[in-house]
Amino acid sequence: MPQQRQAFQAPAGTRDVLAPDSARWEALVVAFGRQVERAGYGLILSPVFEETGVFVRGMGEGTDVVSKEMYEFRDKGDRHLALRPEGTASVVRAFVQHRPPVVWKAWYVTPAFRYERPQAGRYRQHHQLGVEALGTEDPDLDVEVVTLASRFFAELGLSRVELKVNSMGDANCRPAYIESLRAYLEEHQDELCDEHRERYAANPLRVLDCKDEACVRATANAPRLLESLCGPCAGHFGRVRSGLEALGVEYTIDHRLVRGFDYYTRTAFEFAALALEAAQNGIGGGGRYDGLVEALGGPPTPGIGFAIGIERLLQACDAEGAFPTPATTLDAFVVDLTGGAAARDITDELRTAGLRADRAFDRRSARAQLKAADRSGAELALIVGPDEAAAGTVTVHWLRAEREEERVPRHEVAKAVRDALERARS
RNA sequence: GUGGCCGUAGCUCAGUUGGUUAGAGCGCCAGGUUGUGGCCCUGGAGGUCGGGGGUUCAAGUCCCCUCGGUCACCCCA
């Protein structure tokens, strides 16, 4: 008897996705890719780890994600590396490295790692779908990017998704705004929540984002980003709005919307799934980041993108009964009562012919094999017993339809299966 | 990182105030049907009661630690 060992399990905050759930993921990624490729976005594959500096300089040293949530490590060459906590910084690093011609449009699907306390809708490894588009400040690009996400949710069948937008200004107008906000908060310091009463000065924008009722009330009349935008930012935002309206993309202005990473400028947006609990209902978000390319060592290049959290998106789909797991099925399941060689040969022939086929192993009883055939979801059971073997035939038995069993010649079994399925469909 | 709740078969769960060999349903396997699935019947396999330590004559049950889950905060996808 081997000593029993403690079974391993997946690390905290991570999980396995097995079939058939994984088929839903696959379908989701395929649907996303198909849609954004129609708009000229190309898939980018990039490493899941980068020099730590890519994220530190990209997202900002002071952000929670960078300061306390990164999976950092040193490799055997003593390099400082980190597992990517989000996708944008890596894509922009790749842009800086390769300098593709602009406008450059890329989409990705990637795991993202953050060392946080797990809870529903929040994992230490989660997955994101996203796009990035670099090389122009044209507000029509903002409109395109926001619209892609919005249309994607609609295509999945989600109806209860709210789009919130705001403008965060740029290097010209944001500093002045932050000062006026800081001054306002100083006056209303006593009214803030416990945490922000002491710490509002470090990052005044964060206070707008605070969900504590005290902060919400105290900032109700605070200066607004949109009202302090410089001329170019205001003009840009106006064109983004009119573009969205022209395309019929519904949105609401959220004066409190300030994205968490330092790189955001101008357009900021988030999608909330109203069918989910408010605490973790953000299913996607993004914005413009006109200074990020420079921050990572490239030439001044504006850009915009968004990321969608796959786990949360699927939770939202569950909550709305949308985008069900696609049924995986087989064309045929071979039941071999002669030892297994026939099943080996026939499944290979069928698969080579492009049909989906499986079989049972271990010389199980006819009943057991039929049961397995039923469970496999196959349309047909192909039965080979001593009779068929002697006659050079295969019995075609329908598992999902009331149809007569028939015998077909063994040497043209693939064609016979194809024909039978064809006939059944017409 | 802080706090609350929870961990019993693959899954969903029972398990009296600590008391003999830990149960059910579903699933799985086999037989009833020597070559016909889904329904039914019968039987079977499968658990060091998350792990470790402690209290006790005796621990699934009480205590401590630890791992994991979950919820809230924080932050975000």
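Worth knowing before you read on, the calculation uses all heavy atoms, side chains too, and leaves out hydrogens, waters and symmetry mates.
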So if I take every side-chain heavy atom of [X] and compare against [options], which nucleotide ends up nearest?
X: A:Arg400; options: B:G37, B:C75, B:C74; value: B:G37
X: A:Asp374; options: B:C75, B:G37, B:A77; value: B:G37
X: A:Ala12; options: B:G35, B:C74, B:G69; value: B:G69
X: A:Tyr123; options: B:U36, B:A77, B:C71; value: B:A77
X: A:Leu337; options: B:A77, B:G35, B:U36; value: B:G35
X: A:Val65; options: B:C71, B:C75, B:U36; value: B:C75

If we ignore hydrogens and angles and just use 3.5 Å, is the side chain of [X] paired with the main-chain N or O of [Y] as donor and acceptor?
X: A:Ser150; Y: A:Val146; result: no
X: A:Asn166; Y: A:Leu257; result: yes
X: A:Asp290; Y: A:Pro302; result: no
X: A:Asp64; Y: A:Ser67; result: no

Select base, sugar-phosphate, or nothing to describe what [X] touches, counting heavy atoms under 4.0 Å on all strands.
X: A:Gly121; answer: base
X: A:Arg206; answer: sugar-phosphate
X: A:Gly385; answer: base
X: A:Leu399; answer: base
X: A:Gly13; answer: sugar-phosphate
X: A:Ile310; answer: nothing
X: A:Asp387; answer: base

Short side-chain N/O contact to B:C67 OP1/OP2 from A:Gln9, under 4.0 Å:
no
Please report the distance separating the [atom1] of [N] from the corresponding atom of [M], rounded so that it comes out in whole Å.
N: B:C67; M: B:C29; atom1: C1'; value: 33 Å
N: B:U8; M: B:U48; atom1: P; value: 12 Å
N: B:U55; M: B:U42; atom1: P; value: 48 Å
N: B:A22; M: B:C26; atom1: P; value: 22 Å
N: B:C28; M: B:G37; atom1: C1'; value: 16 Å
N: B:G69; M: B:G50; atom1: C1'; value: 11 Å
N: B:C5; M: B:C62; atom1: P; value: 13 Å
N: B:A9; M: B:G51; atom1: P; value: 10 Å

According to the Watson-Crick and G-U wobble definitions, with both distances under 3.5 Å, which nucleotide is paired to [N]?
N: B:C26; result: B:G10
N: B:U61; result: none
N: B:A72; result: B:U2

Between the side-chain atoms of A:Glu405 and the base atoms of B:U36, is any donor-acceptor pair under 3.5 Å?
yes
Can you tell me whether the side chain of A:Glu388 and the base of B:G35 have a donor-acceptor pair closer than 3.5 Å?
yes
Are [X] and [Y] packed together at the side-chain level, in the sense that at least one heavy-atom pair is separated by less than 4.5 angstrom?
X: A:Glu116; Y: A:Arg122; result: yes
X: A:Arg24; Y: A:Val17; result: no
X: A:Glu132; Y: A:Val92; result: no

Between N or O atoms, less than 3.5 Å apart, protein on one side and nucleotides 1-4 of chain B on the other: list the pairs.
unit_1, atom_1, unit_2, atom_2, d
B:U2, O4, A:Arg117, NH1, 2.7
B:G3, O6, A:Arg117, NH2, 3.3

In A:Phe153, A:Phe152, A:Phe306, the residue satisfying ring-ring contact (aromatic ring centres under 6.0 Å, His included) with A:Phe271 is A:Phe153
Round to the nearest Å and state the distance from [X] atom [atom1] to [N] atom [atom2].
X: A:Gln119; N: B:C71; atom1: CD; atom2: P; result: 6 Å
X: A:Asp64; N: B:A77; atom1: CG; atom2: P; result: 12 Å
X: A:Leu370; N: B:C39; atom1: CG; atom2: C1'; result: 15 Å
X: A:Arg403; N: B:U36; atom1: CZ; atom2: C1'; result: 19 Å

Please identify which of these residues, A:Glu162, A:Lys164, A:Arg241, meets the side chain to side chain donor-acceptor pair (under 3.5 Å) condition with A:Tyr251.
A:Arg241
Would you please name every residue forming a salt bridge (Lys or Arg N to Asp or Glu O under 4.0 Å) with A:Asp419, sequence neighbours left out?
A:Lys415
In terms of the nearest nucleotide of RNA chain B, which residue is placed more toward the 5' end: A:Arg407 or A:His127?
A:Arg407
Which atom pairs link the protein and nucleotides 26-30 of chain B when you take only N or O atoms and keep those under 3.5 Å?
unit_1, atom_1, unit_2, atom_2, d
B:C28, OP1, A:Arg375, NH1, 2.7
B:C29, OP1, A:Arg364, NH2, 3.2
B:C29, OP1, A:Arg375, NH2, 3.4
B:C29, O3', A:Arg364, NH1, 3.3
B:A30, OP1, A:Arg364, NH1, 3.0
B:A30, OP2, A:Arg364, NH1, 3.2

Does A:Glu51 have more than 12 heavy atoms from other residues, nucleotides or ligands lying within 6.0 Å of its CD?
no
From the options A:Phe95, A:Trp107, A:Trp104, select the one residue that forms a side chain to side chain contact (heavy atoms under 4.5 Å, CB included) with A:Ile44.
A:Trp104
